[in-house]
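In what follows, a structure is listed as structure tokens, so that the remarks can point back to it.
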Protein chains: 2
Amino acid sequence: MLSRQKVLKFQKAETDQKDESELGPLARTIGVFLDLTEEEISALDALNRQKIHLAAQQDLYLEGDAIDRTYVLLHGWMCRHRTLEDGRRQIMSFVLPGDLLNHFGAYQPTTIHTVTALTDAVLASFSCHDIVSLSRAYPRLGAAFAWLGARKYSLLEEHVVRIGRRNAYERIAHMLLELLHCLNVVDDSCEDGYELPVTQEILGDALGLSLVHVNRTLRRLRKEGLIQMDSNRRIVILDMDALTEIAEFSPDYLQHRSIPILTEENLQKVG
Amino acid sequence: MLSRQKVLKFQKAETDQKDESELGPLARTIGVFLDLTEEEISALDALNRQKIHLAAQQDLYLEGDAIDRTYVLLHGWMCRHRTLEDGRRQIMSFVLPGDLLNHFGAYQPTTIHTVTALTDAVLASFSCHDIVSLSRAYPRLGAAFAWLGARKYSLLEEHVVRIGRRNAYERIAHMLLELLHCLNVVDDSCEDGYELPVTQEILGDALGLSLVHVNRTLRRLRKEGLIQMDSNRRIVILDMDALTEIAEFSPDYLQHRSIPILTEENLQKVG
DNA sequence: GGCAATGACACACATAGGTTAAACAACGGC
DNA sequence: GCCGTTGTTTAACCTATGTGTGTCATTGCC
């Protein structure tokens, strides 16, 4: 994982309970993987003017909405999901601070999923086309946006493997580890534990399992001394190695390293 | 679906058993959704020089390979997949003619899945960075590449819902319909049936099912008069409406319409 | 022609995970 | 303090799907 110090620094700037550090959230997230210039940072921060506050359970947009806005989650947790006619629901992904929503909005006339706040949430909102014009004006930012998209794609592919070919026990272990690794990038407070602000039903909807079976399986993980669940929905990983082994978790797909295209030689190639 | 005539025209150019029409495959695929200029077409065709021929079962690249090439499938079927240590395999997606492989390669140091030919296959290969430089030189092509990426993302999300929340019966129905709709874009010979060059085991690996259960479920679909399976692995949809209802299939996510960003007003906005 | 390999198909049986229901704890409103 | 609401936990039962095994048809090889 890249530049731990940098994350730490950003965190410190935030500890006084303000949602926004001096850096905007996008600049912060991208900044973990790429050293931004002053100019690039202020270009990103310009996206950060219009704020949205949502209460837990509220929807940001619905499946089928025609929207031309892209969002960055600043604070809280959300999820993207689709529901079948009979009520079966599938969560595509959890949305953590720093993540983009409707990233590809400029190319999609309507959304194909719903986005809902799991906790109280704060977002910044800007036009879909801002990403396109910003990318044109600042090629390195364009690469960063493309990289964010590629990373999301990898996450989704891993989700397919998780749901398609892992059993409940492995699925939950894998999901808990993925969330830990992702949170570690933006939030330094979780060395081996974190608050999972999610009911067991929601976890089931993400993993293609029923509430009851999630409960059964969490119980098993606890009984075997692999995890611990405090009150306040705090998850603590007690035996990281064993859990990683069970889940066959390898963090490569998270791409927590510097953005490849921005090495010296590639910048030359691209001109 | 857009410009049926255009697809027909391209098909005619191909019927003499040549893999390449006058238009390169990328220009052809993109051309279905966007009228390309002569200049754009020849820029795309420049990507089309280096050909690769693979026999069925051969791998194009393996999980973990560090490659800096992007590919277009010209002819045949392939699949992208990952295998767990104990042999359980999950296919992320089938790859049809016109699809890109390692689309985001410029942003990913190593691949996270394996790509294998299901039939004999022909591909064109070019540098990952060509997409970036081409996008910079031709903004409309940049939009087209981004649109292709967004579309792939939608397909993968639908795959998550399919595997996570549909049962075997619905899963297979849904997959068969998706393939029909996708093939219809590039190949006009399949009005309501197509050759599915795939064993039942492979279908199971795509849908998170066992071979035996795929077999059972196909039998049921046949017995109920919904589909027909000729020899030569040809699938015929006998009752499209019923199947669409069962699968709760709505083709919006396939985005078989013109590329949104390229409307007059958006082009102005983007400059 | 025989033989090995592959894939479709079928059956019996085992089990992971779904369903239903109910008790219980935590919390906020009043 | 009581009460409704929400989420967790557990138990009992059921079913969709996996596993193991075997047959049969087709194909290609020698």
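The sequence lines fix the lettering, A, B, ..., with proteins before strands; numbering per chain opens at 1. What you are looking at is a predicted structure, and each value in this text was computed from that prediction instead of being measured. The figures here come from the full heavy-atom set of this structure, side chains too, leaving out hydrogens, waters and symmetry mates.
Computed from coordinates, the A:Glu201 CD to D:dT6 C1' distance equals 11 Å when rounded to whole Å. One interatomic measurement links the two molecules: CG of A:Leu211 to P of D:dT10, which rounds to 13 Å at whole-angstrom precision. Taking atom CD of residue B:Glu170 and atom C1' of nucleotide D:dT17, one finds them 14 Å apart after rounding to whole Å. Remark: C1' of C:dA10 and NE2 of B:His213 are 14 Å apart, rounded to the nearest angstrom. Between A:Gln57 atom CD and D:dG7 atom C1' the separation is 12 Å, expressed in whole Å. One can place CG of B:Leu207 at 10 Å from P of D:dG18, the figure rounded to the nearest angstrom. In this structure, B:Arg233 atom CZ and D:dT26 atom P are separated by 14 Å, rounded to whole Å. The CZ-P distance, from A:Arg220 to D:dT8, rounds to 20 Å in whole Å.
With distances taken from any side-chain atom of A:Arg222 to the nucleotides D:dT9, C:dA8, D:dG7, the minimum falls on D:dT9. Distances from the side chain of B:Ala168 to the nucleotides D:dT17, C:dG18, C:dC9 place D:dT17 closest. Taking every side-chain heavy atom of A:Val212 into account, D:dT10 is the closest of C:dG17, D:dT17, D:dT10. Considering only side-chain atoms of A:Leu209, the nucleotide from D:dT9, C:dG18, C:dA8 that sits closest is C:dG18.
Nucleotides of DNA chain D nearest to A:Arg165 and A:Arg219 differ in position, and the one nearer the 5' end is that of A:Arg219. Closest-nucleotide positions on DNA chain C for A:Thr217 and B:Leu218 were compared, and the one nearer the 5' end corresponds to B:Leu218. Heavy-atom distances to DNA chain C give each of A:Asn167 and A:Asn232 a nearest nucleotide, and the one nearer the 5′ end belongs to A:Asn167.
Within 4.0 Å (heavy atoms only), A:Thr199 reaches sugar-phosphate atoms of the nucleic acid but no base atom. Among the protein residues, A:Gly208 comes within range of the sugar-phosphate backbone only, with heavy atoms under 4.0 Å from sugar or phosphate atoms but none that close to a base.
In terms of modelled atom types and a separation under 3.5 Å, the side chain of A:Arg80 and the main chain of A:Thr116 share no donor-acceptor contact. A:His159 places a side-chain N or O within donor-acceptor distance of the main-chain N or O of A:Ala206, the cut-off being under 3.5 Å.
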Return a table of donor-acceptor pairs under 3.5 angstrom between the side chains of residues 241-252 of chain A and protein atoms on other chains or two or more places apart.
unit_1	atom_1	unit_2	atom_2	d
A:Thr244	OG1	A:Met240	O	2.7
A:Glu248	OE1	B:Glu85	N	3.3
A:Glu248	OE2	B:Glu85	N	2.8

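Within a 6.0 Å sphere centred on CG of A:Asp230, other residues, nucleotides and ligands contribute more than 12 heavy atoms.
Checked for salt-bridge contact, B:Arg162 and B:Glu178 meet the test: a charged N lies under 4.0 Å from a carboxylate O.
Side-chain N/O atoms of A:Asn215 include none lying less than 4.0 angstrom from OP1 or OP2 on D:dT8. For B:Arg216, no side-chain nitrogen or oxygen approaches OP1 or OP2 of C:dA10 to under 4.0 Å.
Within 3.5 Å, no donor on the side chain of A:Arg88 pairs with an acceptor on the base of C:dG18, nor the reverse.
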